[in-house]
Amino acid sequence: MMTYDLTYDVIVVGAGHAGCEAALAAARMGCRSMLLTINLDAIALMSCNPAIGGLAKGHLVKEIDALGGEMAKNIDATGIQFRILNTRKGPAVRASRAQADKQLYRLRMKRVLEQQPNLDLKQGEVTALFIEGGELRGVDTRSGIRFLCKTVVVTTGTFMRGLIHIGLTNYPGGRAGDLPSVGLSDQLRTIGFDVGRLKTGTPARLDGRTIDFSRLETQYGDDPPMPFSFSTDRITMQQVPCHIAYTNPRSHEIIRSGLDRSPLYAGVIEGIGPRYCPSIEDKVVRFPDKERHQTFIEPEGLETVEVYPSGMSTSLPIDIQIPFYRSMVGLERVEIMRPAYAIEYDYVDPIQLHSSLETKNIRNLYHAGQINGTSGYEEAAGQGLLAGINAALRVKGEDPLVLDRSQAYIGVMIDDLVTLGTKEPYRMFTSRAEYRLLLREDNADLRLREIGYSLGLVPESEYTQFIRKREMISEDLQRIAATRVTLSDRENSVLTRLGVEDIQKGTTLEHLLKRSDITYSDLAAMDDVSRETSAAVREQVEIQTKYQGYIDRQLEQVERSKKLETAVIPGGLDYASIRGLTTEVREKLEKGRPDTLGQAARIPGITPAAISILAIALKANTWKDISR
């Protein structure tokens, strides 16, 4: 085994969405870093749907951007359709989504990585961690090179012992066309990690030239398209539509005829699949009374004929896939360019991680992305960013960054994972966040930009732009609170048009804006200063004014819960020495090893009484440290 002649601060294993963010964060924080991947041509490859964002996922992308990550900028530069979802609902659950030009997306991200100072890109398969004297020292590769480093971030995606299934045929692969990673998960299991098996899948890729789009519903994006990044002024990419198609009873008949050769139903697949993104055969079996299922036919790029039928993933044999896809209206003559498949892969139960994403078993080892049991590019990128940040902070000898549940969806996700673990692919939803009115897409920069800047991830120019925006919001909130209507002819004209009759002279603009039937645009129609206010400031002022009561209530809840969240539980706490805890509670605490009382309280089966006993013991120091 040859030892490379350079010692790195941070080595990132894997160059998917988690790996890219981890490597960029570490390098931008001044650490000598390396990104090591099986195939340098597959950096940031969209293995499944060619899109970024969606419900709750859009929140994650905005937070990544606010902290100084790259995903939002990358989709803004390569997106070919942008839409805001849930526009008829409140601001807390509105979400951004964009179709990407799949090849441009990966090429731009590769270019950003290649041009990043302090970062080396190398191709190679990591087969083992190099551990010497119980200390992590580096990684070993299949090509016989040992790379030394201070910290390692593992972001292996679906590659660890990846096994691809098409019908009853299966073969090793990290995804279609790529080799799997072999050896690393076996070593992790030997070290003592709880390694499990999960499954996911992807639809076929279809030849758009063989689809009759005139018989499908057309879905256009928003005009003008709204960027993801707080630093993007406008979208310049050509925009294209998607199309909607439907299955039918004949489609479902075809699917049922092949279930005996489905690896999912034949018992060939061991791993547990994603509950919220089931295969089409799963949908047909679970919902036998449903006559049709919808699919969005999404273009994979501007320079390719390949399209992606979302929601139609399957592991059925190819002789079932072909007639199934052709059974849909408009797809009668469709040709499959790449068959659909399912993939099984190893993951490590995230309950074995600290909130920093450092493993509890091995110091200086961090896990991010699908190795932690998550699904989705956005979930992976959020974890990768935090893991990269914390690996860099460890190198610098500084405390880790831990985002709590009231600060960010990233904080909610990581807390869910490390506190509860997971036995199925984890997906982010707005319903997982108890403080979701505080954690909106629109205010991600107000919540997290300062943190990103303090870490050195947000450039000075972007931070200056943010400070100005924040000041303008504060100034405008003060202005509308002090400005009163005089019931001039102009004001009366607007109020009459709106059907508002109960306004008294001297009413403030703030009071008007609190009403459900008046928007900031209405203020702009009667007030010159409001008319000149920028769109970004208008949005914040309107939301903060209309929802102030609800926001204040959630802030009070956050304050009440802070005592639990900040009460640290020593890592070596001997739960057996604490009187009053039941055997069940002790076992759950021993397994989960929560970092704080707040985490302990969220473990299923841990009662409020048990938390009280634990809090008293910590306060009185009546515990023993079993790590000594």
Item to complete: Check side-chain contact (heavy atoms from CB on, under 4.5 Å) between R161 and all other residues, then give those that pass, not counting sequence neighbours.
Response: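 S185, D186, R189, R197, D346.
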Discussion item. In terms of relative ring orientation, are Y463 and Y453 parallel, tilted or perpendicular, with 30° and 60° separating the classes?
Written reply: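 Rings of Y463 and Y453: parallel, under 30°.
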Practice prompt. To the nearest 0.5 Å, tell me how far R602 CZ sits from L597 CG.
Written response: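 Interatomic distance, R602 CZ to L597 CG, rounded to 0.5 Å: 10.5 Å.
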Worksheet item: Between CG of D349 and CG of L417, what distance do you get to the nearest 0.5 Å?
Response: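 Reported to 0.5 Å precision, the distance equals 9.5 Å.
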Worksheet item: Which atom names give the shortest non-hydrogen contact between E63 and Y409, and what distance separates them?
Response: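 For E63 versus Y409, the nearest heavy atoms are OE2-N, 2.8 Å.
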Worksheet entry | K360 (side chain) donor-acceptor with R593 (main chain) under 3.5 angstrom |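 Yes; at least one donor-acceptor contact below 3.5 Å.
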Side-chain donor-acceptor pairs of residues 364-371 under 3.5 Å, sequence neighbours excluded:
| from | atom 1 | to | atom 2 | distance (Å) |
| --- | --- | --- | --- | --- |
| N364 | OD1 | R394 | NH1 | 2.8 |
| Y366 | OH | N390 | O | 3.4 |

Worksheet entry | Residue from L357, V418, T422, V348 passing side-chain contact (heavy atoms from CB on, under 4.5 Å) with N372 |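 It is L357; the other options fail the test.
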Worksheet entry | Counterpart residues, salt bridge (charged side-chain N to carboxylate O under 4.0 Å, His left out), relative to R427 (two or more places apart) |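 Once residues adjacent in sequence are excluded, R427 has no partner under the salt bridge (charged side-chain N to carboxylate O under 4.0 Å, His left out) criterion.
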Discussion item. Using side-chain hydrogen bond (donor to acceptor under 3.5 Å, both in side chains), reason through S47 and R175 one step at a time and then give a plain yes or no.
Written reply: CA-CA 7 Å; S47 308; R175 58 183 162 228; 3.0 Å; yes
Practice prompt. Answer yes or no for K62 and F230: cation-pi contact, defined as NZ/CZ to six-membered ring centre under 6.0 Å and angle to ring axis within 45°.
Written response: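 Yes, a cation-pi geometry.
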Worksheet item: Does M226 CE have over 12 foreign heavy atoms under 6.0 Å away?
Response: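 Open: at most 12 neighbouring heavy atoms sit under 6.0 Å from CE of M226.
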Discussion item. Whether E434 and R405 form a salt bridge (side-chain N of Lys/Arg under 4.0 Å from carboxylate O of Asp/Glu) is what I want to check.
Written reply: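 E434 and R405: salt-bridged.
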